[in-house]
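One structure is given here, and the rest of the page talks about it.
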Protein chains: 2
Amino acid sequence: MKNYTTILREYNLKATPQRLAIIESVDRFGHINIDNLYEEVKNKFSSISLATIYKNINSMISNMLLLEVKVPNQKSVYEMVKEQHSHLICDSCGAIVDIKINTSNIEESISKDYNFIINKSDVVFSGNCEKCR
Amino acid sequence: MKNYTTILREYNLKATPQRLAIIESVDRFGHINIDNLYEEVKNKFSSISLATIYKNINSMISNMLLLEVKVPNQKSVYEMVKEQHSHLICDSCGAIVDIKINTSNIEESISKDYNFIINKSDVVFSGNCEKCR
DNA sequence: CTGACTGCAAACGTTTTGCACGGTA
DNA sequence: TACCGTGCAAAACGTTTGCAGTCAG
């Protein structure tokens, strides 16, 4: 069990029970949208309000502890900031999988060709997963 | 000047003046969000309502004439369906540029490694453009 | 002529805000 | 203790819907 209290403080956020429940759920699910997060946190913290979820997600994003992933035809999902990675998302079942792909040579050639400094890559492949055909 | 009437009919949409103004603006801008589109179309068609913009954007997306591009920290932009491409977006000035990159080898290895059939790639690189440093 | 489209206003779902209270550091 | 966070309710936003009138084909 990770020490989420320490993590929150490292990101300049007070370690309230609500925040601990939120960050624990996000980490356990890998990616989670607002509604599922709300349901999940309510299981362990029935008094929490949706406004608190929103406020905390937003402050965690501002403080770079979480990031938002925009996905086609779905609500955004939130995940902890870890190593850079891309996403595979199944159009039928909605499952999202993290994948490691090497985009560094592509990014390098873009920097050159377009004289553009890249500091973030959002890469989402949609299609059908193994189960869903 | 393209014949947008013909294009609309090819996509099974009646060629109303409102639609012609919408598709012409989207095509001229390359990518445009709802608010800018509304302002733009109003210039030539002052009586148009925002609801009409929404209804038409949605039907054009359903009929595969337009597609939605979700971008970080901004509203989605809409563009005509053309060849597959990726996007470069400047965090300072918000400019969006189409770029051609070859993702086919990446997609191929993903198909193999994850046994996943890809039918859409959403690739957005964020950073700073030439002007904005 | 008929079904589809428009514009308005109302409804809806989602996210943010203001404020009084409570809890962390 | 001081400030930040919480929860509630209300407000603000963005988008969709219903409907009566209009128009494209």
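Reminder, nothing fancy here: chain letters follow the sequence lines and each chain counts from 1.
Looking at heavy atoms from C-beta onward, I101(A) lies in side-chain contact with F125(A) at the 4.5 angstrom threshold. Put simply, the side chain of N33(A) reaches to within 4.5 Å of the side chain of V77(A), judged on heavy atoms. Within the 4.5 Å cutoff, side-chain heavy atoms of Y114(A) are placed close to those of I99(B).
In this structure, Y38(B) atom OH and dC13(D) atom C1' are separated by 15 Å, rounded to whole Å. Distance, I48(B) CD1 to dT22(D) C1': 15 Å, rounded to whole Å. Nucleotide dT16(D) holds its C1' atom 14 Å from the CG atom of N56(B), rounded to whole Å. Per the geometry, CG belonging to L50(A) stands 13 Å off C1' belonging to dA9(D), to the nearest Å. Q74(B) places its CD atom 16 Å from the C1' atom of dG14(D), with the value rounded to the nearest Å. When rounded to the nearest whole Å, the span between NZ of K42(A) and P of dG7(D) equals 12 Å. Atom pair I57(A):CD1 and dT6(D):P shows a separation of 12 Å (rounding to whole Å applied). Atom CE of M60(A) is separated from atom P of dC4(D) by 17 Å (rounded to the nearest Å).
Two residues, R19(A) and K75(B), neighbour DNA chain D, and the one matched to the more 5' nucleotide by heavy-atom proximity is R19(A). Nearer the 5' end of DNA chain C, as judged by each residue's closest nucleotide, is the contact made by D35(A), out of D35(A) and K55(A).
Here Q18(A) reaches the OP1 or OP2 of dG7(D): one of its side-chain N or O atoms lies under 4.0 Å away. Note on N58(B): a side-chain N or O is less than 4.0 Å away from OP1 or OP2 of dT16(D).
The residue S47(A) sits close only to the backbone: its heavy atoms come under 4.0 Å of sugar-phosphate atoms, none of a base. Among the protein residues, F45(B) comes within range of the sugar-phosphate backbone only, with heavy atoms under 4.0 Å from sugar or phosphate atoms but none that close to a base.
The environment of K100(A) atom NZ is dense: over 12 non-hydrogen atoms of other residues, nucleotides or ligands sit within 6.0 angstrom. Within 6.0 Å of the CG atom in N105(B), the count of heavy atoms belonging to other residues, nucleotides or ligands exceeds 12. Within a 6.0 Å sphere centred on NZ of K131(A), other residues, nucleotides and ligands contribute 12 heavy atoms or fewer.
There is no path of hydrophobic side-chain contacts, each under 4.5 Å, that joins V69(A) to V69(B).
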Name the pairs: protein N/O against N/O of nucleotides 23-25 of chain D, kept only if under 3.5 Å.
residue, atom, partner, partner atom, Å
dG25(D), OP1, R9(B), NE, 2.9
dG25(D), OP1, R9(B), NH2, 3.0
dG25(D), OP1, A15(B), N, 3.3
dG25(D), OP2, R9(B), NH2, 2.8

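Contacts of residues 61-73 of chain A with DNA chain D (heavy atom under 4.0 Å): none.
In this model, a donor atom of one side chain and an acceptor atom of the other lie less than 3.5 Å apart for S76(B) and E68(B). In summary, the side chains of R133(A) and N115(B) do present a donor paired with an acceptor at a separation below 3.5 Å, with no hydrogens or angles considered.
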